[in-house]
Amino acid sequence: MAQTTDEAELRAALAEGPITVYCGFDPTAPSLHFGNLVQLVLLRRLQRAGNRVVCLVGGSTGLIGDPRPTAERVLKTKEQTAEWVDRIQAQVRPFLDFDGENAAVMVNNLDWTAPISALDFLRDVGKHFRVNQMIKKDAVAARLNSDQGISYTEFSYQILQALDYLHLYREHGVTLQTGGQDQWGNLTAGVDLIRRAEGASVHALTTPLLTDEAGNKFGKSEGNAVWLSAERTSPYAFYQYWINVEDASVIKLIKVFTDRTPDEVAELERSLAEEPFKRLAHRTLAADVTTLVHGADATAAVQAASEALFGKGDVRALDPQTFRDATAALGGGEVQVGTAVIDALVAAGLVDSKKAARRAIAEGGVSVNGAKVTDEAAVLGEQDFLFGAVALLRRGRKNLAAARVVDHAE
RNA sequence: GGCAGGUUGUCCGAGUGGCCAAUGGAAACGGACUGUAAAUCCGUCGCGGUAACGCUACGCAGGUUCGAAUCCUGCACCUGCCA
């Protein structure tokens with residue numbers, strides 16, 4: 001928890017009985033990512049604790065765009081946004097319980113925003129907002145001070161989000177909105193609106209931005225975002241992301257993302273301190289979160305793959321089935337017998353260009369099936385494709401890919 | 001509409017006729033060290049080529065020049081001030 005409107009009052013409200021809480025997700029991409037996971041887990045816990053949960057996917061706010069402090073967003077088409085709304089709704093469903101007596105509710109703010117005319121919007125909603133306050137919100141202030149400026153469109157975003165809160169307060173009795181720390185301005189805009197329009201006092205709660213010891217945001221893997229969809233970030237890559245988290249942050253992440261009990265956490269903490277080489281905390285974290293997002297079956301598969309690929313043994317010694325399953329989890333490309341290692345690295349997506357591939361070999365960072373490649377002109381021969389199918393390419397300590405042989409009849 | 005300033009590689013940011021594929025920083029990547037950790041040290045960091053070298057690149061299009069990221073013209077976009 002980072003900030004709340006009135007912590008004492010919120011605690012009292014929560015203690016008194018179930019409340020109704022909402023959190024919104026804007027369809028700015030076809031998939032949710034690491035950052036959204038914090039909110040999903042929070043909602044999940046709140047629901048399990050007996051509270052009612054309303055999950056909003058921003059069909060209208062997604063069309064406008066929450067102002068980023070750095071730059072204006074490029075508008076997405078309505079069709080695109082609508083499609084992403086569907087995808088994100090589907091992605092959220094597994095995290096919450098939408099059946100039973102305490103079923104979560106899924107809403108789309110386009111339903112109540114779209115019918116409002118511009119005039120009604122300005123007269124009925126706009127009157128409650130003071131520009132003087134609006135320009136003080138962090139993201140807006142940053143943009144006003146930048147040489148980018150800010151469009152009227154994005155400037156209006158906070159009004160739309162505040163309107164959502166008001167609507168949900170009226171229709172569903174929502175009295176708490178959660179969000180990331182950067183959403184504070186938008187959340188309080190809603191709280192203020194409800195106070196003015198309804199004379200009611202409602203709450204807002206933000207979660208702190210998760211950063212590593214160096215102060216960097218979590219959720220970036222090799223410069224790419226960690227997505228929740230298997231198409232964008234494979235379960236294998238997802239699992240590996242968590243396995244590689246720095247020691248100093250594992251325990252914190254376990255507390256945030258998993259349902260481990262305090263006793264279990266204490267045990268993991270002890271293990272981390274006394275027998276770090278076992279990497280027990282990392283394995284637990286990776287397994288728990290991967291299960292949460294991708295399910296138990298996928299987790300078992302990537303665990304086995306990781307075990308096989310990073311185990312001490314020789315990959316050649318693995319039994320064919322294990323090897324096949326493990327490499328199936330990896331990214332890779334198709335090559336033919338006789339393809340140069342350099343070209344195979346490019347085809348498998350391990351490097352961006354042949355030049356980079358050559359460089360990697362020169363740096364001593366490339367191996368095929370565990371054997372270091374020293375010759376830039378090396379080619380993949382028949383014997384390199386283990387079990388007649390796949391050559392395991394490695395760049396650096398932990399970038400692996402599979403070069404799958406294709407019918408070389410052509 | 002007028003005036004002024006800006007647009008450089010993933011990002012920030014130098015460079016104002018040749019020595020510039022372009023200083024510096026960040027990010028990233030590889031190696032050593034380890035525990036698929038952090039810190040540290042070393043190295044790499046446009047594309048093709050073993051290399052010599054070639055190609056592409058400093059908003060876009062032309063031009064001046066033996067030679068331009070650097071000068072000129074037009075256009076686009078951004079920012080500020082004025083109307």
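Keep in mind that this is a model prediction, so the values were computed, not measured. Every chain is numbered from 1, with letters handed out A, B, ... down the list of sequences. Just the heavy atoms: all of them, side chains too, but no hydrogens, waters or symmetry mates, feed the values below.
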Determine which pairs satisfy salt bridge (Lys or Arg N to Asp or Glu O under 4.0 Å) with at least one residue from residues 335-352 of chain A, sequence neighbours left out, and list them in order. A:Asp343-A:Lys354

Report the distance from atom CZ of A:Arg397 to atom P of B:C33, rounded to the nearest whole Å. 12 Å

Are any of the side-chain heavy atoms of A:Leu330 and A:Leu392 separated by less than 4.5 Å? yes

Taking for each residue the nucleotide of RNA chain B bearing the nearest heavy atom, is the 5' side occupied by A:Gly396 or by A:Pro276? A:Gly396

Say we look at B:C11 and B:C58: how far apart would their P atoms be, to the nearest angstrom? 14 Å

Show me, pair by pair, the donor-acceptor contacts under 3.5 angstrom made by side chains of residues 276-297 of chain A, not counting sequence neighbours?
unit_1, atom_1, unit_2, atom_2, d
A:Lys278, NZ, A:Glu275, OE1, 3.2
A:Arg279, NH2, A:Ile243, O, 2.6
A:His282, NE2, A:Val245, O, 2.7
A:Arg283, NE, A:Lys278, O, 3.1
A:Arg283, NH1, A:Glu307, OE1, 3.4
A:Thr284, OG1, A:Leu280, O, 2.7
A:Asp288, OD1, A:Arg260, NH2, 2.9
A:Asp288, OD2, A:Arg260, NE, 2.7
A:Asp288, OD2, A:Arg260, NH2, 3.2
A:Thr290, OG1, A:Ala286, O, 2.6
A:Thr291, OG1, A:Ala287, O, 2.7
A:Thr291, OG1, A:Thr299, OG1, 3.1

For residues 111-135 of chain A, pull every pair meeting salt bridge (Lys or Arg N to Asp or Glu O under 4.0 Å), keeping only residues two or more places apart or in separate chains. none

Sequence neighbours left out, what pairs pass side-chain hydrogen bond (donor to acceptor under 3.5 Å, both in side chains) with at least one residue falling in residues 83-99 of chain A? A:Ser31-A:Gln91, A:Glu83-A:Arg87

Report the distance from atom CZ of A:Phe310 to atom C1' of B:A37, rounded to the nearest whole Å. 13 Å

Mind checking the C1' distance from B:G9 to B:G15? Whole angstroms is fine. 14 Å

Using a heavy-atom distance cut-off of less than 4.0 Å, which residues of residues 248-274 of chain A contact RNA chain B? none

Same-atom distance (P) from B:A28 to B:C82, integer angstrom: 43 Å

Nearest whole angstrom, please: distance from the P of B:C29 to the CD1 of A:Ile361. 19 Å

Within the 4.0 Å limit for protein heavy atoms, which parts of nucleotides 45-58 of chain B are touched? Write it as a string from 5' to 3', B for base, S for sugar-phosphate only, - for none. S-SBBS--------

Whole-Å gap separating P (B:G30) and CZ (A:Arg394): 12 Å

Expressed in whole Å, how much space separates the C1' atoms belonging to B:G6 and B:A51? 42 Å

For A:Glu154 and A:Ser151, indicate whether the former's side chain and the latter's backbone hold a donor-acceptor pair under 3.5 Å. no

Residues two or more places apart in sequence or in another chain: which of them pass salt bridge (charged side-chain N to carboxylate O under 4.0 Å, His left out) with A:Glu267? A:Arg270

Any idea how A:His33 and A:Trp227 line up, ring-wise: parallel (<30°), tilted (30 to 60°), or perpendicular (>60°)? perpendicular

Among residues at least two apart in sequence or on other chains, which ones pass ring pair (Phe, Tyr, Trp, His ring centres under 6.0 Å) with A:Tyr165? A:Tyr22

Can you tell me which nucleotide in B:A38, B:G30, B:U36 comes closest to the side chain of A:Glu363? B:G30

Rounding to the closest angstrom, what is the interatomic distance between B:A21 and B:C55 at atom P? 12 Å

So, A:Trp242 versus A:Phe34, ring centres under 6.0 angstrom or not? yes

Could you name each residue pair satisfying salt bridge (Lys or Arg N to Asp or Glu O under 4.0 Å) that touches residues 245-256 of chain A, not counting sequence neighbours? none

Salt bridge (Lys or Arg N to Asp or Glu O under 4.0 Å) partners of residues 322-333 of chain A, not counting sequence neighbours, each pair once: none

Classify A:Gln240 by what it touches in the nucleic acid, base, sugar-phosphate, or nothing, heavy-atom distance under 4.0 Å. base

Round to a whole Å and report the spacing from CZ of A:Arg283 to P of B:A37. 12 Å

Quick test of your reading: applying side-chain hydrogen bond (donor to acceptor under 3.5 Å, both in side chains), list the pairs with at least one residue in residues 359-374 of chain A, sequence neighbours left out, ordered by first then second residue. none

Could you check how far CG of A:Leu350 sits from P of B:G30, rounded to whole Å? 10 Å

In whole angstrom, give the distance that lies between atom CZ of A:Phe218 and atom P of B:A37. 15 Å

Is any side-chain nitrogen or oxygen of A:Asn399 closer than 4.0 Å to OP1 or OP2 of B:G30? yes

Expressed in whole Å, how much space separates the C1' atoms belonging to B:A32 and B:A39? 14 Å

Measuring only the P atom in each nucleotide, how far is B:G1 from B:C75? A whole number of Å is fine. 11 Å

Calculate the interatomic distance between A:Lys398 atom NZ and B:G35 atom C1'; express it in whole Å. 11 Å

What base-paired stems does RNA chain B take part in, with at least 3 consecutive Watson-Crick or G-U wobble pairs and both distances under 3.5 Å? B:1-7 with B:76-82, B:10-12 with B:24-26, B:28-32 with B:40-44, B:46-48 with B:53-55, B:59-63 with B:71-75

Quote, to the nearest angstrom, the C1' distance that separates B:A69 from B:C20. 9 Å

